[in-house]
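First the structure, in the form of structure tokens, and then the observations on it.
Chain A is the first sequence line, chain B the second, and so forth, proteins listed ahead of strands; every chain is numbered from 1.
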2 protein chains.
Amino acid sequence: MERELLLLGLLRRQDMHGYQLNEFIERDLTMCTDLKKSTAYFLLDKLVKDELVSFQQTQEGARPPRRVYHLTEKGEAEFQRLLRENLSVYDPVRFPNDIGLLFADALPADELLRLLQDQRESLQLALAAIEAAPPHPGPLQWVIDHRRAHLQSELDWLTTIIARLATETAS
Amino acid sequence: MERELLLLGLLRRQDMHGYQLNEFIERDLTMCTDLKKSTAYFLLDKLVKDELVSFQQTQEGARPPRRVYHLTEKGEAEFQRLLRENLSVYDPVRFPNDIGLLFADALPADELLRLLQDQRESLQLALAAIEAAPPHPGPLQWVIDHRRAHLQSELDWLTTIIARLATETAS
DNA sequence: GGGCGCATGTAATGAGTTACATGATTGA
DNA sequence: TCAATCATGTAACTCATTACATGCGCCC
């Protein structure tokens, strides 16, 4: 349901057409969501069917026609409901990397060490990307802060087990 | 691909039948994966088709017949490949709660505060569950440690923004 | 006799992605 | 003239889940 919440929330701020929504999501919200373009169009159709948004066809010059979407009253109510639900419960996260960790003993210690160092590098890249991000307005800054805190915690943890592993290997 | 890796890795340790696999996953690996029973059966079929595992039908007394699965050489090779891939790259995580956070300004500050406190409670429950877990052997302990570190970091962060919000509301 | 444990599956559905299609305009 | 931007979508597919079905044996 987060994807619906996202679209409703963005349309609540201002009316937008699909392309515009997709651009904004891709440009500014990559650290929040990985919603794909066609999924967005699909969901917009669904929201229209459910009468949570309405749209108006417009056209500028010879440009392709646009559907400018607008949040309905029913949509506003649903937004409020979804938002409260989303914020009130912690949604547990699964780490795909934990599965690999589970079988870490299948590898020779030195190779495991190298692989985890590679993983740490890709983690550091992600962290650097966040650090480089310019300050954003309002709640988006919270999301960025959250992400940074999370990545830093992951980095600390990986560093710990790499160190533990390194001393074991050396001995 | 983590689900395949999980099944291959478990079968690599010892031959098992589907029911046994499902029991083990449900009993001991809830913090690693949420793989469902029918999905497991489905994936086992697929692994057989791909010749990554073979099976032998057995029967004890009048019990339902079992399929005891066994990792093939090809399966072992695929396991090695998947394991290295899994361990060498950090897989970025999405937080559904971030979407709600993005629209936090749609709520009155006092209600937002209450909702986040609810979220923190559900987070604390998850953390308590982990703390209560008895020590596990080998790599599974790593996974538990990782999970605890993550939940603790989440809790710290939520506590921080709740505090920030509380002072803002008070003023 | 009724429910639980054992052991396997199928069918229907949902959610999301990929790859592709269209067709005009704008800029190099 | 060639690619990119604008703007929308469809079709086919993958992946996973839910709900349901089966049927025997065991225990109370």
**OP:** Hey, can you tell me if A:H146 and B:F95 have their rings parallel, tilted or perpendicular (30° and 60° cut-offs)?
**Re:** tilted
Original post:
Taking only residues two or more places apart in sequence, or in another chain, which ones meet B:R13 in a side chain to side chain donor-acceptor pair (under 3.5 Å)?
Top reply: none
Show me the donor-acceptor pairs within less than 3.5 Å that the side chains of residues 23-33 of chain B make with the rest of the protein, sequence neighbours left out.
unit_1	atom_1	unit_2	atom_2	d
B:E23	OE2	B:R27	NH2	3.4
B:T33	OG1	B:L35	N	3.2

**OP:** Using atom CZ of A:F55 as one end and atom P of D:dA7 as the other, report the distance to the nearest whole Å.
**Re:** 16 Å
Original post:
How would you list, by chain and number, every residue that makes a side chain to side chain donor-acceptor pair (under 3.5 Å) with A:D118, sequence neighbours excluded?
Top reply: none
Original post:
Does a side-chain N-to-carboxylate-O contact under 4.0 Å join B:E85 and B:R81?
Top reply: yes
Subject >> Any pair counted as salt bridge (charged side-chain N to carboxylate O under 4.0 Å, His left out), so long as it reaches residues 153-171 of chain A, sequence neighbours left out >> reply: none
Please produce a list of atom pairs where a protein N or O lies less than 3.5 Å from an N or O of nucleotides 14-16 of chain D.
unit_1	atom_1	unit_2	atom_2	d
D:dA16	OP1	B:R3	NE	3.0

Subject >> For atom CG of A:D45 and atom C1' of D:dA7, their distance in whole Å >> reply: 14 Å
**OP:** Return the set of residues passing side chain to side chain donor-acceptor pair (under 3.5 Å) with B:E111 (not counting sequence neighbours), or none when no residue passes.
**Re:** A:R84
**OP:** Could you tell me whether B:R94 and A:D91 have a side-chain N and a carboxylate O separated by less than 4.0 Å?
**Re:** no
Original post:
Listed by chain and number, what are the side-chain contact (heavy atoms from CB on, under 4.5 Å) partners of B:V48, not counting sequence neighbours?
Top reply: B:V53, B:F55, B:Y69
Subject >> Helix axis bend for the helix from C:dG1-D:dC28 to C:dA28-D:dT1 - C1'-based end axes, five pairs, 10° rounding >> reply: 20°
Original post:
Closer to the 5' end of DNA chain C via nearest nucleotide, is it B:G18 or A:K37?
Top reply: B:G18
**OP:** Verify the neighbour count for atom CD of B:E73: are there more than 12 heavy atoms of other residues, nucleotides or ligands below 6.0 Å?
**Re:** no
Original post:
Using links of under 4.5 Å between side-chain heavy atoms of ILVMFWY residues, direct or through other members, which residues join A:Y41 in one cluster?
Top reply: A:Y19
Original post:
First and last nucleotide of DNA chain C in contact with chain B, 5' to 3', at under 4.0 Å to a heavy atom: what are they?
Top reply: C:dC6 to C:dT10
Using nucleotides 2-6 of chain D, report all nitrogen or oxygen pairs with the protein that are shorter than 3.5 Å.
unit_1	atom_1	unit_2	atom_2	d
D:dC6	OP2	A:Y19	OH	2.8

Original post:
Donor-acceptor pair, B:T72 side chain versus B:E51 backbone, under 3.5 Å?
Top reply: yes
Show me the donor-acceptor pairs within less than 3.5 Å that the side chains of residues 132-141 of chain A make with the rest of the protein, sequence neighbours left out.
unit_1	atom_1	unit_2	atom_2	d
A:Q141	OE1	A:H136	N	2.8
A:Q141	NE2	A:D145	OD1	3.1

